[in-house]
Amino acid sequence: MMYTKMSSQWLLWTFGAFLLALTVDAQLSTTFYSSSCRNLTARVDEIIRGHIRRDRTLAPSLLRLHFHDCFVRGCDASVLLNSPRGAQGEKDAIGNKDSLRGFEIIDDVKTKIEAMCPGVVSCADLLALSARDSMRAFGNITWSVPLGRRDGTVTSASEANSDLPPPFGTFSSLSAIFRRKGLTVKDMVILSGACLFLREALY
Ligand SMILES: *[C@@H]1O[C@H](CO)[C@@H](O)[C@H](O)[C@H]1NC(C)=O
Ligand SMILES: *[C@@H]1O[C@H](CO)[C@@H](O)[C@H](O)[C@H]1NC(C)=O
């Protein structure tokens with residue numbers, strides 16, 4: 001049991017560091033909304049905490065939603081877009097269809113933050129904060145989230161199919177996919193393990 005708890009915490013802590021490496025940008029800043037939406041981070045944390053209290057299985061799902069968003073066109077919330085009429089979007093990609101969940105949680109966060117700070121905070125930032133706060137609520141694991149992302153408007157299943165690690169990829173094809181995002185084999189093992197481990201631990 002102890003082993004289980006420590007492993008999951010270690011995985012998640014390290015996972016956070018990698019997401020940070022993946023998303024960090026010179027223009028992003030943890031204080032991006034400090035004057036335009038003062039109480040943003042406290043409010044998102046409170047909303048997410050409420051959801052995780054009701055359903056702990058949402059924590060790995062929100063983490064995975066953020067991870068899959070970042071792998072396609074960067075962390076721009078494109079994973080949240082519905083598929084365009086007559087076309088397939090990221091939601092229809094092999095690694096996403098019927099396995100991504102937590103969309104309604106992000107909708108809830110967005111609705112509540114819009115009520116507080118209309119038209120200020122991007123969905124991409126809310127997704128990044130929600131993933132972090134779900135881990136904080138789940139296991140008191142946290143990392144810092146630089147803010148200021150812009151939301152994307154393009155979503156494509158074919159792009160997601162080529163960018164996301166496929167469920168049955170070989171070691172070498174998977175390592176190449178992570179390398180393309182600036183991530184090492186160690187990062188890959190930890191990223192994959194964090195989502196899988198949590199799912200195993202929960203279901
Ligand atoms: C900020 O949000 C938290 C969580 O919702 C709340 O407890 C606190 O009172 C809020 N602070 C202000 C200044 O609105
Ligand atoms: C959460 O982690 C922080 C930093 O490691 C620690 O100070 C705090 O006591 C922890 N809180 C809980 C509820 O475990």
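As the structure lists them, so they are numbered: ligands from 1, and atoms in each ligand from 1. Residue indices begin at 1 and follow the sequence shown.
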Next item on the list: For Arg43, counting its heavy atoms only, list the atoms of ligand 1 lying under 4.0 Å from any of them.
Entry: 5 (O)
Among protein heavy atoms, which lies nearest [atom], and at what distance?
{"atom": "atom 5 (O) of ligand 1", "value": "Glu46 OE1, 2.6 Å"}
{"atom": "atom 3 (C) of ligand 1", "value": "Asn39 ND2, 3.6 Å"}
{"atom": "atom 9 (O) of ligand 2", "value": "Asn140 ND2, 4.7 Å"}

Check: Is the side chain of Asp92 donor-acceptor paired with the backbone N or O of Ala157 at a distance under 3.5 Å, no angle test?
Finding: no
Next item on the list: Give a yes or no answer on whether the side chain of Thr31 reaches the backbone of Ser34 with a donor-acceptor pair at less than 3.5 Å.
Entry: no
For a quick test of your reading: what N or O donor-acceptor pairs under 3.5 Å do the side chains of residues 106-129 make, sequence neighbours left out?
{"from": "Asp108", "atom 1": "OD1", "to": "Lys112", "atom 2": "NZ", "distance (Å)": "3.1"}
{"from": "Asp108", "atom 1": "OD2", "to": "His51", "atom 2": "NE2", "distance (Å)": "2.7"}
{"from": "Asp108", "atom 1": "OD2", "to": "Lys112", "atom 2": "NZ", "distance (Å)": "3.0"}
{"from": "Lys110", "atom 1": "NZ", "to": "Glu114", "atom 2": "OE2", "distance (Å)": "2.9"}
{"from": "Lys110", "atom 1": "NZ", "to": "Val121", "atom 2": "O", "distance (Å)": "2.9"}
{"from": "Thr111", "atom 1": "OG1", "to": "Asp107", "atom 2": "O", "distance (Å)": "2.7"}
{"from": "Glu114", "atom 1": "OE1", "to": "Gly119", "atom 2": "N", "distance (Å)": "2.9"}
{"from": "Glu114", "atom 1": "OE2", "to": "Gly119", "atom 2": "N", "distance (Å)": "3.4"}
{"from": "Ser122", "atom 1": "OG", "to": "Asp125", "atom 2": "N", "distance (Å)": "3.1"}
{"from": "Ser122", "atom 1": "OG", "to": "Asp125", "atom 2": "OD2", "distance (Å)": "3.3"}
{"from": "Ser122", "atom 1": "OG", "to": "Arg149", "atom 2": "O", "distance (Å)": "2.8"}
{"from": "Asp125", "atom 1": "OD1", "to": "Gly148", "atom 2": "N", "distance (Å)": "3.3"}
{"from": "Asp125", "atom 1": "OD1", "to": "Arg149", "atom 2": "N", "distance (Å)": "3.2"}
{"from": "Asp125", "atom 1": "OD1", "to": "Arg149", "atom 2": "NH1", "distance (Å)": "2.6"}
{"from": "Asp125", "atom 1": "OD2", "to": "Tyr33", "atom 2": "OH", "distance (Å)": "2.6"}
{"from": "Asp125", "atom 1": "OD2", "to": "Gly148", "atom 2": "N", "distance (Å)": "2.8"}
{"from": "Asp125", "atom 1": "OD2", "to": "Arg149", "atom 2": "N", "distance (Å)": "3.2"}

Margin query: If we count only non-hydrogen protein atoms and require a distance under 4.0 Å, does atom 14 (O) of ligand 2 qualify as touching the protein?
Written below: yes
Notebook entry, point to check: Is the closest protein non-hydrogen atom to atom 11 (N) of ligand 2 under 4.0 Å?
Noted result: yes
Note to self: Do the side chains of Lys181 and Asp163 get close enough for a salt bridge, i.e. N-O under 4.0 angstrom?
What the structure shows: yes
Check: Are the charged groups of Arg49 and Glu46 less than 4.0 angstrom apart, N to O?
Finding: no
